[in-house]
Amino acid sequence: MTPPIALTIAGSDSGGGAGIQADLRTFAFHKVHGTSAITCITAQNTLGVTRVDALPPESVGAQMEAVVSDIGVQAAKTGMLLNQGIIAIAAQSIQTLQIPNLVVDPVMVSRTGAQLIDDAAISTLRTALIPLATVLTPNRYEAQILASMEIHTLEDMQLAAQKIHRLGAKAVLVKGGGMAGNLRGVDVWWDGQAIEILETEVVETTNTHGTGCTLSAAIAANLAIGHNALTATRLAKVYVTTTLHYALAIGKGQGPVGHFFPLLQPNVLLG
Ligand SMILES: Nc1ncnc2c1ncn2[C@@H]1O[C@H](COP(=O)(O)OP(=O)(O)O)[C@@H](O)[C@H]1O
Ligand SMILES: Cc1ncc(COP(=O)(O)O)c(N)n1
C-alpha cells in the first residue's frame, strides 16, 4: 500500500486538541500518512497555554529535509510557527524542497483576540510564506490584521478575502468561527476569480478547540489525495463541522473537536 503523504509544520499541543496532534489525527482519518516538522512545544490544556518552548529553526529545517528527501510529500500545512527565524526557514525549505500544495494557517491571534507572535514574525509571514500558499486560512482576527480592516459582516469577510489575496496566496479562505450568530458557520473563499460562500450549520458547542488546525490539515490531506483546492476546502469544511458535532467534553475549559466518529459504529476495529 502506498498512501498519499502530507506534512504538518506546526507546534505540539500537550492537551492533544490542536497543533500537530490534531493534524496527524486529521491526516489519518483521511487515510493519508502524516509526517511532521515540530516547531515548538506548548504546555497547553483546555484552559490555555502556560508555556511555549521553540525549537531551533535549523531543527525545523532538518525535519523537513529528512521527510521530503526520503519519503516525499504531496501536500503540507503550516500551523504555529511562533517566531521570525522559524517562519524564514520554513519558507526557504518549502521552496528548496519544492513542496507542492501548501496550506498556510497563519496562526497569529487566538479566537479570544490575543496576539501569539510578534510584529517581526508577522512581517516575515506576510512577505516570505504567504506568497507560497495554495490556500491561506486566516480566522477573523488574523484577517483583520492581514487586510488592515475591521470585520463584522459577510461583506467585510468578502472584502478582506480580496484584499488579503493581493499578498500572493493562490486562494484565501476567511474563516467565520470568530464571527457572531450564523456567520460562525460561514467561510469566504476568494481565488482571484470567484467568491464562494462555504456555509454549514452552526454547531452550538463551547468545545471548539482545534477547529482551525483540523480545517487546514483536512485541506492539506484532500490536496495530497488529489482534489483541486476548492473541492479540498469544501470537503474539509464538512469534515470540521462533523468533528464539532462529535466534540469532546473533556477538561475544565474549551474541549477539542472529536475525530472518532468513523469508529463509532459497532464492529469497527475493537467493536
Ligand atoms: N460553532 C461553529 N459551528 C460550525 N462551524 C464552526 C463553528 N466554529 C468554527 N467553525 C468552523 O471551523 C473552522 C475554523 O474556523 P475558526 O474557528 O474561525 O478558526 P480558528 O480556530 O483558526 O480561530 C471554519 O471552517 C469555521 O467555519
Ligand atoms: C500548538 C498549537 N497550534 C495551534 C493552535 C490553534 O488552535 P485552533 O485550531 O483552535 O485555532 C493551538 N492552540 N496550539
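Each ligand, and each atom within it, is numbered from 1 in the order the structure gives. Only this structure's heavy atoms are used, side chains among them; waters, hydrogens and symmetry mates stay out.
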Before accepting this row, confirm whether a basic side-chain N of the pair [X]/[Y] lies closer than 4.0 Å to the acidic partner's carboxylate O.
| X | Y | answer |
| --- | --- | --- |
| R184 | E204 | yes |
| E199 | K237 | no |
| K170 | D191 | no |
| D53 | R51 | yes |

Run the contact test for [X] against ligand 1 with a 4.0 Å cut-off on heavy atoms, strictly below, and give the result.
| X | answer |
| --- | --- |
| V202 | yes |
| T208 | no |
| E201 | yes |

Do [X] and [Y] have side chains that get closer than 4.5 Å, going by heavy atoms?
| X | Y | value |
| --- | --- | --- |
| N83 | T124 | no |
| K175 | T211 | no |
| H209 | Q44 | yes |
| L102 | I94 | yes |

Taking both backbone and side-chain atoms of [X], is any N or O found less than 3.5 Å from an N or O belonging to ligand 1?
| X | value |
| --- | --- |
| T200 | no |
| G212 | yes |
| E142 | no |
| G177 | yes |
| V203 | yes |

- request: Please confirm whether the backbone N or O of G253 pairs with a side-chain atom of T46, one donor and one acceptor, at under 3.5 Å?
  value: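 A pair under 3.5 Å: yes.
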
task: Indicate yes or no for a side-chain donor-acceptor contact from S59 to the backbone of L55 under 3.5 Å, with no hydrogens or angles considered.
output: no

- prompt: Counting heavy atoms only, which part of I20 comes closer than 4.0 Å to ligand 2: side chain, backbone, both or neither?
  reply: neither

- line: Counting heavy atoms under 4.0 Å, the part of A18 that contacts ligand 2 is side chain

field: Mode of L244 contact toward ligand 1 - side chain, backbone, both, neither (heavy atoms, under 4.0 Å)
entry: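 Answer for L244: side chain.
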
message: Out of all atoms in ligand 2, which are within 4.0 Å of some heavy atom of S12? Include the element for each.
response: 1 (C)

As a check for students: among [options], identify the option with a heavy atom nearest to [atom].
| atom | options | result |
| --- | --- | --- |
| atom 10 (O) of ligand 2 | G210, G17, A10 | G210 |
| atom 10 (N) of ligand 1 | M179, R184, K237, H209 | R184 |
| atom 17 (O) of ligand 1 | T211, V238, N207, D187 | T211 |
| atom 13 (N) of ligand 2 | Q44, K175, E142, Q254 | Q44 |
| atom 4 (C) of ligand 2 | C213, A217, G79 | C213 |
| atom 1 (C) of ligand 2 | S14, C40, G212, G11 | G11 |

Close-contact set for ligand 1 against G178 heavy atoms, below 4.0 Å: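 Heavy-atom distances to G178 below 4.0 Å select 18 (O).
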
- prompt: Under 4.0 Å from any heavy atom of N139, which atoms of ligand 1 are there?
  reply: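 Near N139, meaning under 4.0 Å from one of its heavy atoms, ligand 1 has 18 (O), 19 (O), 20 (P), 22 (O), 23 (O).
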
message: Please verify the inter-ring angle class for H165 with W190; under 30° counts as parallel, over 60° as perpendicular, anything in between as tilted.
response: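 Geometry flag for W190 against H165: perpendicular rings.
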
Donor-acceptor pair between K77 and T8 side chains, under 3.5 angstrom: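 No, T8 and K77 have no side-chain donor paired with an acceptor closer than 3.5 Å.
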
